[in-house]
Amino acid sequence: MNQPGRLHPISIAIRDIAAIFGRMGFGVAFGPELEDDWHNFTALNVPEDHPARDMQDTFWIKGEPGKVLRTHTSPVQIRYMEEQMKKGIKPPYRIIVPGKVFRNEATDSTHEAQFFQLEGLAIGEDISFANLKGTFTQFFKEYFGPSIKTRFRPSFFPFTEPSMEVDVWFEKEQKWLELGGAGMVHPKVLENAGVDPKKYQGFAFGPGLERIVMIKYGIPDARLFHSGDIRFNYAFEQTSVPPKQVTD
Amino acid sequence: MKVSLKWLQTYFDVPLPSVEAIADAYTFHAFEIDEIKGDMLDVKVLPNRAADCLSHRGLARELSAILDFPLKFDPLHEPHQGLPLVAKGSPWCGLSVEIEDAKKCLRYMGAVVKGVRVGPSPEWLREALESVGQRSINNVVDATNYVMLNIGQPLHAFDAGKLKEKDGKYAILIRGAKESEKFTTLSNEEFVLKQGALLITDANTDSAIGIAGIKGGKEAEVTASTTDLIVESANFDGTSVRHTAQVLRLSTDASQRFQNRPSPELCAYGMHDVLALITNIAGGEVIGMVDEYPSHPEQNKSVSVSLEKINSVLGSNFLEAEVENAFKRLALPYIVVNDIFTVMPPFERTDLTISEDLVEEVGRIIGYDRIPATELPPLSGVPDQARYRGIERIKDQLVEQGFTEISTQSFANQGDIGLANPLDKKRPFLRTDLLSGMSQAAVNAQCLSARVLGPLQTVKIFEAGTVFGKDKERLSIVKSQWPVEQKAGTAVVITPQEMEFSEEELEQWGSSYIPKRYELSAYKPFSIYPFIVRDIAFWVPTGTDEGFTKSLIQEHAGELLVRLDQFDRFEKEGRVSLAFRLVFQSMERTLTDEEANSIMEKISAALRAAGYEVR
C-alpha cells in the first residue's frame with residue numbers, strides 16, 4: 001500500500017497564507033501569466049520608454065510585441081478591479097493573488113527567472129497606509145510567530161504612492177531581510193481600472209513568496225523550488241494540522 | 001549614486017554624523033543603501049528621484065531635510081554671478097548652434113574657452129573623484145565630471161582645435177544620424193549607428209563629435225595639447241537617449257541622468273559651475289557662449305493637499321505644524337490656507353505632481369515609524385476563495401492517493417509561443433503541456449525512490465501549472481506513476497494523465513471545502529551524492545523483540561546509514577524471517593561499494609553474534 005504523497009512547500013505556504021488573509025477578509029484571485037503590455041505596465045503607471053521599466057527585466061514574446069510574461073502579479077489588480085466594476089460591484093475589494101511571475105535575470109541562490117509573488121490588494125473608502133502596516137504586522141505575526149519584528153521604509157514603485165519596503169528581522173542570521181514592496185495604490189492605477197480615485201483609496205503589496213518560505217524554514221537556495229525534485233518535498237518533517245484546528 | 005561623506009560635508013557647516021548614521025537616515029527616510037565602503041555610500045536612487053538626486057547636491061538636500069541640518073548653500077538656488085551669456089548669432093561669440101529637432105534636444109548651451117592648459121587635476125579634485133570610484137583623467141575632463149556628480153548636469157568638453165572654424169566661427173549641429181553612420185567613442189569603441197540616433201556634429205565638416213547625451217567621440221577628444229575648448233551643457237530628450245543607449249548597449253553616467261528627464265533649467269547651473277571650475281584650475285578665458293533653448297518648459301505646477309487628506313491616506317494624526325515642518329525641511333516653498341497646503345515645487349523636483357506625492361514627502365520625512373499599524377476594518381460577507389480551494393481539493397485527493405506534488409519550469413524546448421529574449425537558449429518556448437517536465441521529474445524520482453520514499457513505494461507525482469496553447473493559456477493538472485511491471489533496462493513509458501477542470505467546476509468544488517493544512521519542520525539539507533541500497537534478511541526465533549533487531553542494525557551501521565526500513569516479515573516453523581532495506585549516503589562524497597559491503601559485513605556479524613541466522 002502506498003503511503004500518501006506530499007504537497008509542494010509552496011502549496012503548504014499558500015494554504016497558511018490564504019487562511020490568515022481569509023480571516024482578514026481577503027479572497028483569492030487569479031490572472032494570466034502571459035500578459036499584455038497594458039495590464040503589466042501601462043495601466044500600472046509604467047509608461048512605455050520609462051526608466052521604471054528597467055526595474056523589472058522582462059521576457060518578451062516572439063512575434064507579439066504587445067505581449068510579455070508577467071513580471072509581477074500586479075496586473076491582476078487591474079484585471080480584478082475591471083471585472084468587478086464591469087459586474088457593477090464597487091469597492092470594498094480585498095484579494096490576494098499568489099501566482100507565478102517571470103524575470104529575465106541570471107539565476108543564483110536567491111534569484112530565479114520564475115518565482116511566485118504574493119500580491120495583495122485592499123480598496124475601500126478609507127483604507128490607509130496605517131492599515132497596510134497593520135495588515136503586514138498581523139500577517140507576519142501569524143505566519144512567522146508572535147516574536148517577529150518588522151520595519152517599514154520608503155521606496156518607489158510606479159504603481160503605488162506613497163511606497164514602502166518591508167523588512168523582517170531574521171533571528172537566525174541576526175539581520176534584517178527585505179521581504180518586498182508595498183504602498184498605497186496610485187490614483188492613476190485606480191483610474192485605469194475604472195475605480196474613482198476621488199472616492200476610493202487603498203493599498204497593494206507584492207512580496208516574493210519563495211523568499212517568505214525560505215525565511216520561515218531556513219531554505220538556502222531558491223532554485224530548489226521549481227526543480228521538479230521530490231527530495232525538496234521530503235526535506236522537512238511534516239505533520240498534519242488536525243482538521244478541528246483548521247479554521248478558515 | 002556613489003557619494004562620499006567628505007563631499008557631502010562641503011554642503012554643511014554642522015559636522016555630519018558617521019557614515020552608518022547617514023546610511024540609516026537615508027534608509028528610513030529616503031533611499032536604500034546598496035553599499036558602504038570607508039566613507040563612501042552607494043545610494044540606490046530610484047527613477048522617481050533620479051532627476052534631482054543623482055548628485056551630491058540632491059542627496060545633501062535630502063540629508064538636510066532628514067537630519068534637519070541647514071544646507072550651507074544650494075548651488076541650484078544661488079544667484080548666478082557674471083555668466084557671459086552671449087546673444088545667438090552675435091558675430092564675436094565664436095560659436096553657432098543649430099538644433100535639427102527641438103523635441104529631441106530641449107536645450108543646448110555651448111561655450112568657447114580659449115587658452116586653457118590641460119594637465120593633472122589638483123589634489124582635492126582627484127581625491128574627490130576617486131572617493132566615489134571615478135578615475136581622474138585631466139583637469140578639464142575632471143571638471144566636467146565633478147560638476148555632474150555635484151549637481152547632476154551631464155557636461156562635455158570638446159577640443160575646439162579639432163573642429164573647423166569658418167568665418168571665425170565654430171558651428172555645432174545637433175542632428176539625427178544618417179543610415180549606418182560610423183562613430184568612434186572616447187574609449188575607442190566603434191559603433192554603426194541607426195538612422196535618427198541623435199548626434200553632436202561639427203557642422204562645418206559634417207562629422208560627428210558626440211552621441212548626444214551618451215558619450216563623446218575620439219574625433220574631438222581633449223588631450224594634453226588642447227588649448228581651446230567648446231564646453232557643452234545640454235538637455236536631451238529622455239526617450240531618445242534611452243532608446244539609443246539601449247540599442248548601443250552603452251549606458252553611461254550621462255545617459256542614466258538624461259533618461260530620467262532632469263529639468264533643462266539645470267543646464268545653466270551646470271555651465272556656470274563648470275566654466276568657473278575650468279578657468280580656475282586650467283586657466284583660459286571664456287570667449288563666448290550660445291544658449292539655444294527653443295521651447296522653455298512650463299514651470300512646475302503647484303500641488304495642493306489638505307491636512308485631512310494626508311492623515312486619511314496615511315492613517316496618521318499629524319498636526320499642521322508637523323506637516324509644515326516637513327515641507328520646510330525639504331525646502332519646498334508652500335503656503336497654507338485653511339488646512340490646505342499648496343506647494344510650489346522647485347524646478348529640479350519634477351517628481352512632485354499630485355497630492356499623493358506630497359503625502360509621501362510628509363510621511364517619509366516625519367517617518368514611517370510614526371504611522372500607527374492599524375487593523376483593517378471588518379468586512380461583511382465571506383471572502384471568495386472558491387476557485388483556489390477547488391484546486392487545493394484536487395491536490396488533497398491526489399496526495400491522499402499517494403501522489404507528490406512537484407513544480408517544474410515553464411520554459412520548454414518546443415512549443416507554440418516563443419520568447420523574443422530567452423534566458424536559456426535551449427528552452428526558448430513556453431510549455432504547451434506539463435508532460436516533458438513531468439517525464440524528466442518521474443525518471444529522477446524513480447532513481448531517488450529508495451532514498452526518499454522507501455521500499456515498495458510506487459513513484460507517483462503530479463503537477464498543477466499553467467500551460468500555453470496557441471490562443472490561450474490554461475491550468476493543467478497532470479499525474480503520473482511509474483509503471484509497476486517496469487523491468488530494469490527496458491525503455492520507460494510513462495503515461496501521464498491530464499485532468500481537466502473548468503473554472504466553474506473548480507469554484508463549485510471549492511465553495512465549501514477547507515484545504516488540509518500541514519506544519520513543516522526547519523529545512524533539512526539533502527545530500528547531492530549518490531546513495532547505495534543494500535537488503536538484509538535473517539531468521540529470528542518467534543517472540544524475539546523485533547525492535548531490538550532494528551536498533552542492532554542501526555548501531556552497527558554507523559552514521560552513513562540514512563534510511564532503514566523493514567520491508568518483509570513472515571513466520572515459518574517457529575521462526576520469523578525479517579527483511580530490512582538499508583540506504584547509505586554521505587553528505588560530502590560518493591560512497592564506494594566496498595564501504596557499503598564492509599558495513600554490511602559488520603551488521604551481519606552483529607546479527608549472527610546475537611544468535612540470528614542471516615539468510
Side-chain angles (χ1 to χ4, degrees), chain A residues 2 4-8 11-12 15 18 22 24-28 30 32-34 49 51-52 59-62 92 94 104 113-114 122 128-131 133-135 137 152-154 156 161-162 164 184 187 201 217-219 225-226 228 230-231 233-241 246 248, chain B residues 27-28 30 46-48 239 242 259-260 313-315 356 359-360 363-364 368 371-376 379 383-385 388 395 399-400 402-410 417-421 423 437 441 445 448 452 457-458 460 466 468 473 514-515 517-524 526:
Chain A
N2 239 47
R6 282 203 180 190
L7 283 176
H8 193 276
S11 294
I12 291 170
R15 291 175 181 206
M24 294 193 271
F26 288 75
V28 179
F30 295 84
E33 292 176 14
L34 181 57
D49 274 324
F59 283 112
W60 304 93
I61 303 302
K62 204 176 189 174
R94 279 180 209 177
N104 196 349
Q114 41 195 301
S128 70
F129 199 83
N131 291 136
K133 279 184 74 172
T135 303
T137 307
F152 304 90
R153 53 192 171 78
F156 164 74
E161 188 74 33
M164 63 140 89
M184 294 297 287
Q201 64 184 41
Y217 299 109
I219 299 164
F225 285 86
H226 309 292
I230 59 164
R231 283 178 295 187
N233 301 65
Y234 285 86
F236 309 84
E237 302 290 343
Q238 179 184 289
T239 44
S240 280
V241 178
V246 176
D248 292 335
Chain B
T27 302
F28 293 108
L46 294 171
N48 63 327
T239 305
R242 182 178 148 80
Q259 72 165 1
N260 288 292
V313 172
L314 294 178
E356 282 75 6
V359 173
E360 180 170 72
R364 72 184 179 89
Y368 283 0
I371 297 168
T374 314
E375 253 181 57
L376 279 169
L379 208 58
D384 179 4
Q385 300 196 344
Y388 141 76
K395 290 186 190 172
V399 167
E400 210 169 294
F403 289 90
T404 286
E405 185 186 15
I406 58 162
S407 174
T408 63
Q409 304 276 317
S410 300
I417 293 169
L419 297 170
N421 53 342
L423 188 64
L448 295 164
V452 178
Q457 295 295 315
T458 309
K460 292 172 155 188
T466 303
F468 303 84
E473 66 177 73
I514 297 174
R517 299 276 294 286
Y518 298 94
E519 253 167 46
L520 298 181
S521 69
Y523 174 76
K524 300 172 296 169
F526 54 81

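Please read all numbers here as calculations on a predicted model, not as lab measurements. Proteins get letters first, then strands, A, B, ... in listed order; numbering begins at 1 in each.
Taking each heavy atom of B/T404 and A/R6 in turn, the nearest pair found is OG1-N, 3.0 Å. Here the shortest heavy-atom pairing between A/W60 and B/N421 reads N-OD1, 2.8 Å.
For A/F156, the parts lying under 4.5 angstrom from a heavy atom of chain B are both the backbone and the side chain. For A/T239, the parts lying under 4.5 angstrom from a heavy atom of chain B are both the backbone and the side chain. Using a 4.5 Å cut-off between heavy atoms, A/P92 contacts chain B through its side chain alone, with no backbone atom that close. Using a 4.5 Å cut-off between heavy atoms, B/Q409 contacts chain A through both its backbone and its side chain. At a 4.5 Å heavy-atom cutoff, the contact between A/Q114 and chain B is made by side-chain atoms alone. Residue contact with chain B, scored on non-hydrogen atoms closer than 4.5 Å, involves the backbone and the side chain of A/R231 alike. For B/Y368, the parts sitting under 4.5 Å from any heavy atom of chain A are the backbone and the side chain alike.
With chain A as the partner, the residue from B/D384, B/L46, B/L423 showing the most heavy-atom pairs under 4.5 Å is B/L423. The most heavy-atom pairs under 4.5 Å with chain B, out of A/G134, A/P162, A/G27, A/A130, come from A/A130. Between chain B and the residues A/A113, A/P32, A/G218, the largest count of heavy-atom pairs under 4.5 Å involves A/P32.
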